[in-house]
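Here is the structure we will look at.
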Amino acid sequence: VSLVLTGVGDVLEPEDGLIGIGSGGNFALAAARALIAIDGFSAEEIARRAMLIAADLCIHTNRNVTIETL
């Protein structure tokens, strides 16, 4: 389960289980929503590709990505 704690203290669960945070979070979230519909991508591959797309769109997001898998 993915949960978001808002600035006013609300705890929200996204409908699709995807979360984007930070300056490029909305770009990465939009990319992940598009990529999740493609069969054959692992969660890590979706996250990596979404971050690279966000980096191309947001001047505050760079392409230096480290993904830790639990």
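When a residue number appears, it is its place in the shown sequence, counting from 1. Bear in mind that the values here come from a model prediction, so they are computed numbers and not experimental data.
- Here the closest heavy-atom approach between residue A28 and residue A50 is recorded as O-CB, 3.5 Å.
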Trace of the side chain to side chain contact (heavy atoms under 4.5 Å, CB included) decision for V11 with V4: CA-CA 6 Å; V11 178; V4 176; over 6 Å; no
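- Counting non-hydrogen atoms of other residues, nucleotides and ligands closer than 6.0 Å to CG of L5 gives a total above 12.
- D10 is linked by a salt bridge (charged side-chain N to carboxylate O under 4.0 Å, His left out) to nothing, counting only residues two or more places apart in sequence or in another chain.
- When hydrophobic clusters are built by joining Ile, Leu, Val, Met, Phe, Trp and Tyr residues whose side-chain heavy atoms come closer than 4.5 Å, directly or via intermediates, M51 is not grouped with I53.
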Contacts under 3.5 angstrom, residues 30-43 side chains, donor-acceptor by atom type, not counting sequence neighbours:
{"residue": "R33", "atom": "NE", "partner": "D16", "partner atom": "OD2", "Å": "2.6"}
{"residue": "R33", "atom": "NH2", "partner": "D16", "partner atom": "OD2", "Å": "3.4"}
{"residue": "S42", "atom": "OG", "partner": "E45", "partner atom": "N", "Å": "3.1"}

Evaluation steps, side chain to side chain contact (heavy atoms under 4.5 Å, CB included), between T61 and S23: CA-CA 7 Å; T61 304; S23 59; 3.8 Å; yes
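- Here CZ of R49 is found 12.0 Å from CD of E44. Values are rounded to the nearest 0.5 Å.
- Minimum heavy-atom separation, S2 to P14: O-CD, 3.2 Å.
- Around the CG atom of D56, the shell of radius 6.0 Å holds more than 12 heavy atoms that belong to other residues, nucleotides or ligands.
- By the 4.5 Å heavy-atom criterion applied to side chains, T6 and L12 are counted as neighbours.
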